[in-house]
Amino acid sequence: MGKTTTKSLQAQLAKAKITTVHAGWADFEIRFTTDIPCDPGDCAGYTNLSTYTIYVDPTLSYEVSRETLMHEIMHVLCEIIGYTDPDEATEFSPTNEQLTNNVTRGLLLLAKLNPTLFKILLINEK
């Protein structure tokens, strides 16, 4: 068996020279910072769809930071497939099949545009 080393997600992405998430129409900068533009203690990450910035708290464990970054990428995915609205109270009512098709296509697009990032996030090799 190979030796497993524990690294921070931030270090792993830096080693792979990954600083952005390519979304097709824009590149979202990934910022590891404790200065996240949301209520302190209320979130571990945040995605600003206007400035194309994804924030992740660098003090999180590897597993939590991985999940947080994937969560924030899902906000980008929702923007890609048309499920973002400035009015958070707006309710979308797609069928299960419509939502599944859209999410599948959006996820495949993001994975194709960001293969190394998705390998790191989904394969979970520390």
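What you are looking at is a predicted structure, and each value in this text was computed from that prediction instead of being measured.
- C43 has its side chain within reach of I36: a pair of non-hydrogen atoms, C-beta onward, lies under 4.5 Å apart.
- Taking all atoms of both residues into account, the shortest heavy-atom contact from L113 to G24 is CD1-N, 3.5 Å.
- Side chain of D39 to backbone of D42: no donor-acceptor contact under 3.5 angstrom is found.
- Looking at V56 and I54, their side chains come closer than 4.5 Å, going by heavy atoms from C-beta outward.
- Closest approach of A16 to T116, counting heavy atoms only: CB-CG2, 4.0 Å.
- Among residues two or more places apart in sequence or in another chain, the salt bridge (Lys or Arg N to Asp or Glu O under 4.0 Å) test is passed with E67 by none.
- F28 is linked by a ring-ring contact (aromatic ring centres under 6.0 Å, His included) to W25, Y52, counting only residues two or more places apart in sequence or in another chain.
- Between L107 and F118, the shortest heavy-atom distance links the atoms CD1-CE2, 3.7 Å.
- In this structure T95 satisfies the side chain to side chain contact (heavy atoms under 4.5 Å, CB included) test together with E97, Q98, sequence neighbours excluded.
- In this structure, CG in L69 is found 11.0 Å from CD in Q10, a value given to the nearest 0.5 Å.
- Remark: T104 pairs with no residue by the side chain to side chain donor-acceptor pair (under 3.5 Å) rule, at least two apart or across chains.
- Note: K119 NZ to I18 CD1 = 10.5 Å, rounded to the nearest 0.5 Å.
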Could you walk me through whether N101 and L99 satisfy the side chain to side chain contact (heavy atoms under 4.5 Å, CB included) test, starting with their C-alpha distance in whole Å, then the side-chain angles of each, then the deciding distance to 0.1 Å, before giving a yes or no? CA-CA 5 Å; N101 283 339; L99 182 60; over 6 Å; no

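- When all heavy atoms of I81 and G106 are compared, the closest pair comes out as CG2-CA, 4.0 Å.
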Test side chain to side chain contact (heavy atoms under 4.5 Å, CB included) on Y46 and H75 and set out the steps. CA-CA 9 Å; Y46 178 79; H75 286 296; over 6 Å; no

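- One finds the CG atom of L49 at 9.5 Å from the SG atom of C78 (value rounded to the nearest 0.5 Å).
- Taking CG from N48 and CD from E72, the interatomic distance works out to 11.0 Å, rounded to the nearest 0.5 Å.
- Remark: H22 pairs with no residue by the ring-ring contact (aromatic ring centres under 6.0 Å, His included) rule, at least two apart or across chains.
- Rounding to the nearest 0.5 angstrom, the gap separating the CG atom in L110 from the CD1 atom in I80 is 4.0 Å.
- Here the closest heavy-atom approach between residue T59 and residue D57 is recorded as OG1-OD1, 2.6 Å.
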Check step by step if side chain to side chain contact (heavy atoms under 4.5 Å, CB included) holds for E63 and L9. CA-CA 8 Å; E63 291 78 12; L9 180 61; over 6 Å; no

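- Side-chain atoms of I30 and T20, non-hydrogen and from C-beta on, never get closer than 4.5 Å to each other.
- The closest side-chain heavy-atom distance from T53 to R31 is below 4.5 Å.
- Shortest non-hydrogen contact noted between Y62 and I120 is OH-O, 4.0 Å.
- The shortest distance between side-chain heavy atoms of Y55 and T33 falls below 4.5 Å.
- The side chain to side chain donor-acceptor pair (under 3.5 Å) test applied to N102 returns Y83, not counting sequence neighbours.
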